[in-house]
Amino acid sequence: MSGSEAFDVVVIGAGPAGYPAAIRAAQNKLKVACVDEWKNTDGTAAFGGTCLNAGCIPSKALLESSELYWRAREEFAHHGIGVGQVKLDLATMQRRRAGIVKTMTGGIAALFKSAGVTGIHGHGRLLPGNRVEVSGGMGATRVLEARHVVIASGSSPIRLPSMPHDGKLIIDSWNALELDAVPRRLGVIGAGVIGLELGSVWRRLGSEVTVLEALPQLLPMADQAIAREAQRHFKKLGLDIRLGAKVQSASVTGGAVSVVYTDASGEHRLELDKLVVAVGRRPFTEGLLAEGTGVKVDGRGFVEVDEHCRTGVPNVWAVGDVVRGPMLAHKGKEEGIMVADLIAGRYGEVNYRAIPSVIYTAPEIAWVGLTEEQVKASGRPYKVGSFPFAANGRARALEAAQGMAKMVSAADDDEILGVHIIGPFAGELIAEAVLALEYSASSEDLQRTMHAHPTLSEALHEAALAVDKRAIDSINR
Ligand SMILES: Cc1cc2nc3c(=O)[nH]c(=O)nc-3n(C[C@H](O)[C@H](O)[C@H](O)COP(=O)(O)OP(=O)(O)OC[C@H]3O[C@@H](n4cnc5c(N)ncnc54)[C@H](O)[C@@H]3O)c2cc1C
């Protein structure tokens, strides 16, 4: 073991929670190291964590390519564009995906360099006394002395013994992003965000996709008017979503996967060419905490923290997927920034009531704040306004006039409590609603805000007007 080095802050993990923490700490004039052990399938090390290497970014690259392919086949003729036989070149599509990932992860290394963060590839282990042992990278094991340690070790896919992962036929979300051929029959276990996005990609590229979901309801965390609308669109795409389907086992025989599941009508068997298990993710803390650090992990494996991401051990913090709250890149990023500011004695806070959720299917789904069902259950009197994209000129021009924008506000003071969108670029449109919630805006604030015409954002404006039955471009009910 070589001698020790001293830093103000050592961050373990360079995903979307860890790398912003490291960069902000450096901006705060602290001496920072960020340790990350990620290895890609070709054995190369890369910063960026799950999000950049195996999650948000590669999935969005493939969602875009597959949607273009689908639209070329299904919609171009309607625009008066003839392209003859549309052909799929999956190898080029996958090269593009890999190229985007490489550029983005390389960008983090460059950001570290320019901010003065020491980026280290290797495994970090927290030792008692705020020291971090780094092993497995280039060179000998070393120990970093840290005034503060930020744990940002992320999450990994949940594996179930009844569906033994082999990385070839029974696969996880990362494997499903790197397939080199379109499976004829693809099964997806779990109709959560990841399952629906991956199912959409491969359905558009030609697979017959069956999604098995144990819950009786699709997207229970979303506003149910939006979830019902989504279900119609998924059906139109050809996704065979079976709700209330509890998978008993999956096994590989003769180059195919056999899945046994039960539902209200009894036991069923499905034969598939590949099975993606997307039943959720769990916090990742393997080999992270040495004996005696004092950092507590709860029954589900999450590192315990307070609302400021303090672990309870002086100067040890934890952020991102490894702590409570939604497993989303932007939630981790804000926590990382908050912690780096608090360490530097600055103000830092995360507003956990204004975390946007986005599902990048077509149409996209996005929301922030409370669903109508949650507001109803709270007993607070409320008003609802919604506006269909069918009445929005830009959506019509885009040939994407499906879905709606919906706003829920309080009946007493008109504060916006939740905004729910299913429609074109919903993930972009939701930003205005997040800002509205951040500023405790009322629906009237949005009603009185000018929106450019013709834009998709007018749908949100009209939904705000509809809250008081004053929509202009649709019938008020
Ligand atoms: C297919 C898919 C699509 C997704 N799409 C979206 C999306 O569109 N939007 C969104 O917000 N979220 C999305 N997510 C979720 C998102 O990827 C995570 O919420 C996010 O990556 C969490 O960030 P993190 O920094 O906490 O952890 P991670 O991104 O998991 O990063 C943790 C890093 O720490 C490293 N590490 C762990 N332990 C150690 C150790 N002991 N020593 C050194 N390094 C260590 C890991 O190797 C990893 O590089 C998606 C996830 C998947 C799987």
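The figures here come from the full heavy-atom set of this structure, side chains too, leaving out hydrogens, waters and symmetry mates. Counting starts at 1 for both ligands and their atoms, in listed order.
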[atom1] ([X]) with more than 12 external heavy atoms under 6.0 Å:
X      : atom1 : result
Met104 : CE    : no
Asp180 : CG    : no
Lys331 : NZ    : yes
Lys60  : NZ    : yes

Where ligand 1 meets [X] - atom numbers and elements under 4.0 angstrom, heavy-atom basis:
X      : answer
Leu288 : 41 (N)
Asp321 : 18 (C), 19 (O), 20 (C), 22 (C), 26 (O)
Cys51  : 17 (O), 21 (O), 29 (O)
Gly320 : 26 (O)
Gly49  : 29 (O), 31 (O), 48 (C), 49 (O)
Ala152 : 32 (C), 33 (C), 34 (O)
Phe284 : 37 (C), 38 (N)
Ser59  : 3 (C)

Does [X] have a heavy atom less than 4.0 Å from any atom of ligand 1?
X      : value
Arg125 : no
Ala176 : no
Lys60  : yes
Ala54  : yes
Tyr360 : yes

Between [Y] and [X], is there a salt bridge with N-O shorter than 4.0 Å?
X      : Y      : result
Asp240 : Arg242 : yes
Glu271 : Arg185 : no
Arg71  : Glu399 : no
Arg282 : Asp321 : no
Lys31  : Asp8   : no
Glu178 : Arg95  : no

(request) Using the side chain to side chain contact (heavy atoms under 4.5 Å, CB included) rule, pick out the option among Thr103, Val101, Ile108 that qualifies with Leu52. (result) Ile108
(request) For the pair Glu67 (side chain) and Glu64 (backbone), establish whether a donor and an acceptor sit closer than 3.5 Å, ignoring hydrogens and angles. (result) no
(message) Given 3.5 Å as the limit, does a donor-acceptor pair link the side chain of Thr285 with the main chain of Leu288, or not?
(response) no
(request) May I ask you to check whether Phe47 and Phe112 place their ring centres under 6.0 Å from each other? (result) yes
Within the structure, does [X] bring an N/O atom to less than 3.5 angstrom of an N/O atom in ligand 1?
X      : result
Asp36  : yes
Ala329 : yes
Gly124 : yes
Gly13  : no
Ser173 : no

What protein heavy atom lies closest to [atom]? Include the residue and the distance to one decimal.
atom                    : result
atom 45 (C) of ligand 1 : Glu37 CG, 3.5 Å
atom 47 (O) of ligand 1 : Trp38 N, 3.5 Å
atom 15 (C) of ligand 1 : Met327 O, 3.8 Å
atom 20 (C) of ligand 1 : Pro16 CG, 3.6 Å
atom 38 (N) of ligand 1 : Ser153 CB, 3.4 Å
atom 25 (O) of ligand 1 : Ala17 N, 2.9 Å

(message) Between Arg228 and Gln231, is the side chain to side chain donor-acceptor pair (under 3.5 Å) condition met? List the steps.
(response) CA-CA 5 Å; Arg228 281 192 296 275; Gln231 199 160 3; over 6 Å; no
(request) Quick one: look at Ser156 and ligand 1, take heavy-atom pairs under 4.0 Å, and tell me if it's side chain, backbone, both or neither. (result) neither
(request) Report the part of Thr50 in contact with ligand 1, treating N, CA, C, O as backbone and CB onward as side chain, heavy atoms under 4.0 Å; options are side chain, backbone, both, neither. (result) both
(request) Out of Ala21, Cys56, Ser357, Gly195, indicate the one that has the non-hydrogen atom closest to atom 6 (C) of ligand 1. (result) Cys56
(message) Please state which option from Cys34, Gly55, Gly154, Gly332 has its nearest heavy atom closest to atom 2 (C) of ligand 1.
(response) Gly55
(request) Locate the shortest heavy-atom distance separating Arg204 from Trp70; write the atom from each residue and the value. (result) CA-CE3, 3.7 Å
